[in-house]
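Report on one structure; see the data block that follows.
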Amino acid sequence: MNLSERISQAVFTCFPEAEASDIVIAEPPSLDLGDVAVPLFTLAKKRRTAPHALAQELVEAFVPNDYIMSAAAAGPYINFKLNRDRVGAETVAAVLDTGAHWGGGNTGAGKKVLIEHTSINPNASPHVGRGRCAMIGDSLARLLQLEGYDVEVHYYVNDMGRQIGLLVLIADEIEHLSFDQILNAYVEANQRAEADPQFAEQGYALLARIESGDPKIRDKFHAVTDLCLEGQLAVLERLGVSYDVFDRESQYVNDPRLERIENALLDAGALFTDDDGRRVVDLSKLGYQADEGRYFVLRRANGSSMYGCRDLVYSLDKHEQGAELNLMVLGEDHKLYAQQLALMLEAADISAPEVVYYSYILLKDGKMSTRQGKVVLLADFLDQAAALARERVSEQFPEMPAEEHAAIAEQVAVSAIRFAVLRVKSTKNVTFDMEAALSFQGDTGPYIQYSCARIRSILRKNQNAIPDTPGDDFRVQTDTEWALLLKLAAFPSVIADAAAHRICSPVANFALELARTFTTFYHECPVLGAEDAATTDMRLLLCRATLQTLGNALHILGIETPERM
RNA sequence: GCCCCGAUAGUUCAGUGGAUAGAACGAGCGCCUCCUAAGCGCUAGACAUAGGUUCGAUUCCUAUUCGGGGCGCCA
């Protein structure tokens with residue numbers, strides 16, 4: 001039985017007709033009032049009494065037990081005081097026993113989840129805006145893993161389409177196209193296509209040839225996109241983001257399975273050929289309400305397929321893999337498109353993927369613009385951050401080998417960017433502040449890592465053996481220790497909530513709060529210099545449990561916990 | 001024009017249908033013979049506007065304003 005169940009139990013015993021959903025477990029404004037609070041407004045209404053009267057009634061009927069020591073009425077609230085030694089010891093034991101699994105609710109046991117994210121156009125080194133998708137997707141994957149899901153991460157390689165065709169044309173003119181040149185080549189190709197219709201035509205012609213199965217052209221497309229993908233993945237790898245499966249858009253062109261969807265659309269009377277010879281879907285036949293976005297073109301007049309065809313087959317392909325959960329992370333600019341796809345898929349009785357959307361990252365002086373060079377490239381940020389961090393570490397630990405300086409600096413750099421991006425709710429536009437992200441001070445990833453390093457330092461300096469688990473002499477002596485224990489105990493519910501809502505920012509904010517709570521403890525409660533050995537042991541256990549919890553939370557965020565920094 | 005998202009201190013972000021809305025940065029003052037000062041303490045500062053639902057709204061609903069995104073042959 002966990003804490004909230006025990007509290008509910010206490011309320012039930014004197015109010016049997018209450019339902020679990022009526023009981024809200026809250027935090028009192030101060031630990032002086034109690035450890036856990038229950039507001040009684042809803043229950044009082046049910047019983048047709050005043051909340052404060054009900055509070056009195058419950059207090060009088062309350063019988064203390066091993067876990068809940070007392071109940072006190074405070075107006076419309078009832079505040080419980082817990083047996084801190086008992087609850088604290090159980091919390092620490094739970095953390096240390098479950099270790100890397102601590103916090104996971106196992107709701108995903110035996111279930112497979114397929115998650116697609118990043119899938120950026122192969123045209124340039126990724127900037128932080130693109131990185132938001134990768135970091136959110138990667139952390140979501142890690143979060144679901146902790147919940148016990150069997151997670152498979154997919155990356156959809158957009159290796160087709162007009163712009164890749166143009167890029168292939170340009171690549172033919174350059175001797176050895178490198179990753180660094182790709183963006184320029186891409187911009188140039190688009191400019192030329194605009195100015196020179198013939199050039200643009202050549203691009204479409206290439207598409208037609210790849211669609212007709214020309215292996216030479218296909219190889220050319222692959223060569224260009226591979227070069228790009230390789231460069232992009234190298235940056236993403238620095239961030240700790242990895243993928244299990246790469247699905248090429250080109251492998252879904254001319255896929256016979258499209259027929260199944262087209263037939264369903266025909267049956268629904270939604271698919272037709274318009275006056276110009278395009279194959280168009282009228283989504284209003286599938287329940288689409290608005291006038292805008294009502295028509296969706298599947299094929300150009302010349303018969304070549306549009307991206308939608310490939311996406312439909314790709315969705316079908318993922319659907320056929322039979323995962324319990326099919327997730328994808330998309331920018332909010334894809335919202336309408338994803339809805340349109342979902343309607344078409346559902347018409348063919350195919351369940352559409354569940355989509356997690358994220359909003360754009362803005363800069364202080366406005367939107368990012370690749371063409372205006374107004375972007376923060378992930379690689380540039382990491383380089384700058386790592387250089388700064390390296391200076392810091394080498395000053396602080398001059399005796400440390402240079403490779404270790406570099407390794408720690410890289411971990412700090414990754415933590416700075418991942419935390420800055422992940423702590424913000426994904427539906428909000430973030431304004432990326434380069435200066436703040438490079439300062440490593442305050443509400444940052446490095447601050448949390450620093451707390452971990454302090455814990456590691458204490459554990460390293462400790463000479464004596466620490467018990468593996470709390471014993472009978474586990475005493476919670478101060479509010480500071482207790483506040484830390486309460487924070488630790490809250491971790492599983494943070495994870496459960498985050499996983500259920502497919503959102504990682506609460507995990508980031510929890511980690512920050514826990515680090516702050518620990519820092520207070522660090523300043524107020526000496527561990528190695530405690531009054532007696534039992535207190536030292538207790539605090540060492542608390543340190544270990546905190547490190548484990550911070551480590552688990554940071555692992556979800558893709559942030560390492562350095563031994564020193 | 002229509003649709004979707006957002007709006008909390010000077011700034012960047014948390015948070016909640018209920019007790020006193022939290023941090024950080026920036027500003028000011030203080031703290032390293034003390035487990036790492038990437039730290040800590042103190043001071044000043046906010047729920048866009050107007051209605052509504054509710055015992056109670058910053059939180060839910062509606063409108064307005066502002067910002068972001070989108071609206072048939074780009075992916």
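Here is the naming used below: chain letters follow the sequence lines, and residue numbers restart at 1 for every chain. FYI, side chains are in, hydrogens and waters are out, and symmetry mates aren't considered; it's all heavy atoms of this structure.
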Provide a list of protein-nucleic acid N or O atom pairs under 3.5 angstrom, restricted to nucleotides 1-5 of chain B.
unit_1	atom_1	unit_2	atom_2	d
B:C2	O2'	A:Glu292	OE1	3.4
B:C4	O2'	A:Lys335	NZ	2.9
B:C5	O2'	A:Thr427	O	3.1

Could you list all N or O pairs between the protein and nucleotides 28-36 of chain B that sit under 3.5 Å apart?
unit_1	atom_1	unit_2	atom_2	d
B:C35	O3'	A:Lys461	NZ	2.9
B:C35	O2	A:Leu528	N	3.1
B:C35	N3	A:Val527	N	3.0
B:C35	N4	A:Tyr522	O	2.4
B:C35	N4	A:Cys525	O	3.0
B:U36	OP1	A:Ser457	OG	2.2
B:U36	OP2	A:Ser457	OG	3.2
B:U36	OP2	A:Lys461	NZ	2.4
B:U36	O2'	A:Tyr450	OH	2.2
B:U36	O2'	A:Arg454	NE	3.2
B:U36	O2	A:Gln396	NE2	2.5
B:U36	O2	A:Met565	O	3.1
B:U36	N3	A:Met565	O	2.5
B:U36	O4	A:Met565	N	2.9

Identify each atom pair where a protein N or O and an N or O of nucleotides 72-75 of chain B are less than 3.5 Å apart, giving names and distance.
unit_1	atom_1	unit_2	atom_2	d
B:G72	O4'	A:Tyr295	O	3.2
B:C73	O2'	A:Arg300	NE	2.9
B:C73	N3	A:Arg278	NH1	2.8
B:C73	N4	A:Arg278	NH1	2.0
B:C74	OP2	A:Tyr204	OH	2.7
B:A75	OP1	A:Arg162	N	3.4
B:A75	O3'	A:Asn158	OD1	3.4
B:A75	O3'	A:Glu249	OE1	2.7
B:A75	O3'	A:Glu249	OE2	2.9
B:A75	O2'	A:Asn158	OD1	2.7
B:A75	N7	A:Tyr307	OH	3.3
B:A75	N6	A:Tyr307	OH	2.6

Sub-3.5 Å pairs of nitrogen or oxygen atoms, protein against nucleotides 53-56 of chain B:
none

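Taking a cutoff of 4.0 Å between a charged side-chain nitrogen and a carboxylate oxygen, A:Arg192 and A:Asp196 do not qualify as a salt bridge. A:Arg248 and A:Asp226 are joined by a salt bridge, as a carboxylate oxygen and a charged side-chain nitrogen come within less than 4.0 angstrom of each other.
B:C32 takes the syn form, because its glycosidic angle lies no more than 90° either side of 0. For B:G72, the base adopts the syn conformation, since its glycosidic angle falls within 90 degrees of zero.
Separation of the A:Tyr307 and A:Tyr337 ring centroids falls under the 6.0 Å cut-off. For A:Tyr447 and A:Tyr450, the ring centers are positioned 6.0 Å apart or more.
Here the C1' atom of nucleotide B:A38 and the CD atom of A:Gln411 are 15 Å apart, to the nearest Å. In this structure, A:Ile503 atom CD1 and B:G15 atom P are separated by 8 Å, rounded to whole Å. Remark: C1' of B:A38 and CG of A:Leu438 are 13 Å apart, rounded to the nearest angstrom. Between A:Gln441 atom CD and B:G26 atom P the separation is 6 Å, expressed in whole Å. Atom CZ in A:Arg294 sits roughly 23 Å away from atom P in B:G70 (whole-Å rounding). In this structure, the NZ atom of A:Lys364 is 15 Å from the P atom of B:G10, given to the nearest Å. Spacing between atom CG of A:Leu43 and atom P of B:G17 amounts to 17 Å, rounded to whole angstrom units.
Side-chain polar atoms of A:Thr519 and A:Arg454 form no donor-acceptor pair below 3.5 angstrom. Between the side chains of A:Arg279 and A:Thr273, at least one donor N or O lies within less than 3.5 Å of an accepting N or O. Side-chain atoms of A:Thr480 and A:His523 include no donor-acceptor pair closer than 3.5 Å. Side-chain contact of A:Gln477 with A:Thr535: a donor-acceptor pair under 3.5 Å is present, judged by distance alone.
The residue among A:Val393 and A:Thr520 whose nearest nucleotide of RNA chain B lies closer to the 5′ end is A:Val393. Looking at which nucleotide of RNA chain B each of A:Val430 and A:Leu40 is closest to, the 5′-most match is held by A:Val430.
Across all strands, A:Ala37 comes closer than 4.0 Å to base atoms (heavy-atom distances).
For the pair A:Lys318 (side chain) and A:Pro353 (backbone), a donor-acceptor distance under 3.5 Å is absent.
Below 30°, between 30° and 60°, or above 60°: for A:Tyr156 and A:Tyr252 the angle between ring planes is between 30° and 60°, a tilted geometry.
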Practice prompt. Under the side chain to side chain donor-acceptor pair (under 3.5 Å) rule, what do A:Glu211 and A:Ser304 come out as? Steps first, then yes or no, please.
Written response: CA-CA 7 Å; A:Glu211 191 146 0; A:Ser304 65; 4.9 Å; no
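Taking atom P in both B:G28 and B:C66, the straight-line distance is 37 Å, to the nearest Å. Between B:U33 and B:C42, the two C1' atoms lie 24 Å apart (nearest whole Å).
Here the side chains of A:Asp282 and A:Tyr295 are in contact, with some heavy-atom distance below 4.5 Å. In this structure, A:Arg460 and A:Glu563 have side chains that are in contact, with non-hydrogen atoms separated by less than 4.5 Å.
Of the candidates B:G68, B:G39, B:A19, the closest approach to any side-chain atom of A:Asn79 belongs to B:A19.
Secondary-structure annotation of RNA chain B gives the stems B:1-7 with B:65-71, B:10-13 with B:22-25, B:27-31 with B:39-43, B:48-52 with B:60-64, with a stem taken as at least 3 successive Watson-Crick or G-U pairs whose two distances both fall under 3.5 Å.
Residue ring and base: A:Tyr447 does not count as stacked with B:A38 (centre distance below 5.5 Å and interplanar angle below 30° not both satisfied).
In this structure A:Glu332 satisfies the salt bridge (Lys or Arg N to Asp or Glu O under 4.0 Å) test with no other residue, sequence neighbours excluded.
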